[in-house]
Amino acid sequence: MTDTVATESFSVSTDETARVAEHLEEGKTLPLEWYTSPEVAEAEKKAIFASSWHYVGRAADVEETGMFVTADIGDVPIVIVRDRDGSLNAFHNVCRHRAAKVVLDEKGQRRTLQCHYHAWTYGLDGSLKGAPRSASEECFPQQQLGLRKASAQTWGPFLFAHLDDSPADLFDQLGEVPDLIAAAGIDVDGLNFHFRSEYDIACNWKVAMENYLECYHCPTAHPGFSDVLDTQMDAYQLELEHTFAWQNGPLRPLPGNAVPRSEGYTGRDGAVPEGRYFAVFPNLKININPGLPNLSIGPMVPTGPNDCHGILDYFFSADVTQQWIDDMLVFDDQVGVEDRVLVESVQQGIRSGSLTEGRIMLQSEALIGGFQKWVLDRYSEGTRGA
């Protein structure tokens with residue numbers, strides 16, 4: 001009998017894991033059914049997302065006592081709140097009474113966290129402060145009924161959360177990303193938040209991330225982007241690390257007075273000389289375009305086996321003008337429109353069942369290969385013994 005690594009209704013034998021790993025080395029992809037299967041999507045909640053830090057939003061939203069934000073990690077609602085002693089606390093946003101969500105608002109400020117259902121009231125430290133009629137209950141275990149703890153941590157103006165109460169440090173997952181961003185000319189503490197963009201895409205979250213992890217498609221699919229940045233194989237830099245991958249795109253020399261097709265935006269008007277694009281595994285994207293100090297950050301959140309939801313928070317330094325932002329967004333938004341067509345066409349092709357696996361270019365798409373190996377490892381490590 002073959003040993004298996006399994007989670008609920010999705011299981012992969014160790015022999016199958018070894019076979020897929022060998023295929024990845026040869027330039028084949030993960031089995032394409034893993035991009036459409038409801039069982040795989042369910043398994044990923046535990047094997048991948050429950051064991052990772054996730055970008056939630058702005059640290060400024062929990063800066064003062066009682067300020068809170070809510071979010072979801074997979075199917076788990078969480079609440080992050082600033083305690084009276086200044087500590088940053090995170091909890092599963094689930095009442096210990098009958099499992100209602102305690103806090104319904106996306107953000108705000110409170111003196112306590114009171115459940116809207118039966119008014120069980122929790123302190124900012126998560127302890128149960130009171131439950132109506134509990135005095136009439138014999139031996140009511142109030143001290144044991146605090147909110148289940150999670151974790152929160154910040155990097156500069158960015159807020160992250162983890163479902164565990166004692167996970168590895170956030171910066172273990174971020175790796176060298178903060179240093180690489182600083183080296184690109186970005187002081188994250190000097191950035192100001194401008195707006196959030198949210199969008200839905202009809203593709204598996206892994207398809208969206210894999211599209212982000214290569215620029216092999218850029219000369220064909222992103223002519224405006226390729227007018228600004230040199231996307232040729234010998235110029236466009238790909239770097240794969242243990243917990244993240246990044247791409248570095250140098251500015252393309254312009255002959256004479258030529259103007260890129262991105263019109264007002266050229267990337268040649270500030271202290272950031274190159275485009276740098278980071279994917280922190282599993283699903284966080286961080287974008288820096290050349291020009292004035294700018295950064296957008298946010299995850300691709302799975303909403304089903306064939307769909308995902310994207311979030312991008314845009315930050316700029318204080319001296320960036322609205323006109324420059326508007327010009328850059330024309331460039332940025334055009335890339336997004338073009339990418340939507342690409343990834344949705346990929347998902348349609350996968351769902352057709354015509355292929356059981358795809359093929360990647362081992363040099364030009366090396367980051368996809370690394371990401372898929374990371375995913376395969378998580379399937380094994382995160383489900384063994386389940």
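Counting begins at 1 with the first residue of the sequence. Computed from a predicted structure; not experimentally measured.
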So does [X] pair up with [Y], basic N to acidic O under 4.0 Å?
X	Y	answer
E16	R19	yes
K206	E210	no
E44	R378	no

Check: Y236/Q247 side-chain N/O donor and acceptor closer than 3.5 Å:
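Yes - a donor-acceptor pair under 3.5 Å links their side chains.
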Donor-acceptor side-chain pairing of S37 and E39 below 3.5 angstrom
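Judged by distance alone, the side chains do pair up.
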If you measure from [atom1] on [X] to [atom2] on [Y], what distance do you get to the nearest 0.5 Å?
X	Y	atom1	atom2	answer
N289	L295	CG	CG	9.5 Å
D333	E338	CG	CD	11.0 Å
N294	H194	CG	NE2	10.5 Å

Residue from Q347, Q348, E344 passing side-chain hydrogen bond (donor to acceptor under 3.5 Å, both in side chains) with N306
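Answer after filtering Q347, Q348, E344: Q347.
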N287 and side-chain hydrogen bond (donor to acceptor under 3.5 Å, both in side chains): which single residue from Y277, Y212, Y314 fits?
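Of the listed residues Y277, Y212, Y314, the side-chain hydrogen bond (donor to acceptor under 3.5 Å, both in side chains) partner of N287 is Y212.
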With a 6.0 Å cut-off on ring centres, are W53 and F160 close enough?
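Distance test on ring centres: not under 6.0 Å, no.
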Taking the six-membered ring for Trp, are the ring centroids of F158 and F315 within less than 6.0 Å of each other?
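They qualify: ring centres under 6.0 Å apart.
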More than 12 foreign heavy atoms under 6.0 Å from CD of Q363: is that the case here?
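Open.
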Partner set under salt bridge (charged side-chain N to carboxylate O under 4.0 Å, His left out) for [X], not counting sequence neighbours:
X	value
D85	none
R351	none
R196	D313

I'd like to know whether Y265 forms a side chain to side chain contact (heavy atoms under 4.5 Å, CB included) with V330, so could you lay out the CA-CA distance, the side-chain angles of the two residues, the decisive distance to 0.1 Å, and finally the verdict.
CA-CA 8 Å; Y265 173 77; V330 171; over 6 Å; no
The test is side chain to side chain donor-acceptor pair (under 3.5 Å); show your working for N248 and E239 and say whether it passes.
CA-CA 8 Å; N248 190 77; E239 298 290 343; over 6 Å; no
May I ask you to decide if the ring planes of [X] and [Y] are parallel, tilted or perpendicular, using 30° and 60° as cut-offs?
X	Y	answer
F281	W374	tilted
F10	Y379	perpendicular
Y117	H97	tilted
W324	F316	perpendicular

Tell me, with the steps shown, if H217 and N211 meet side chain to side chain contact (heavy atoms under 4.5 Å, CB included).
CA-CA 8 Å; H217 69 280; N211 176 75; 3.6 Å; yes
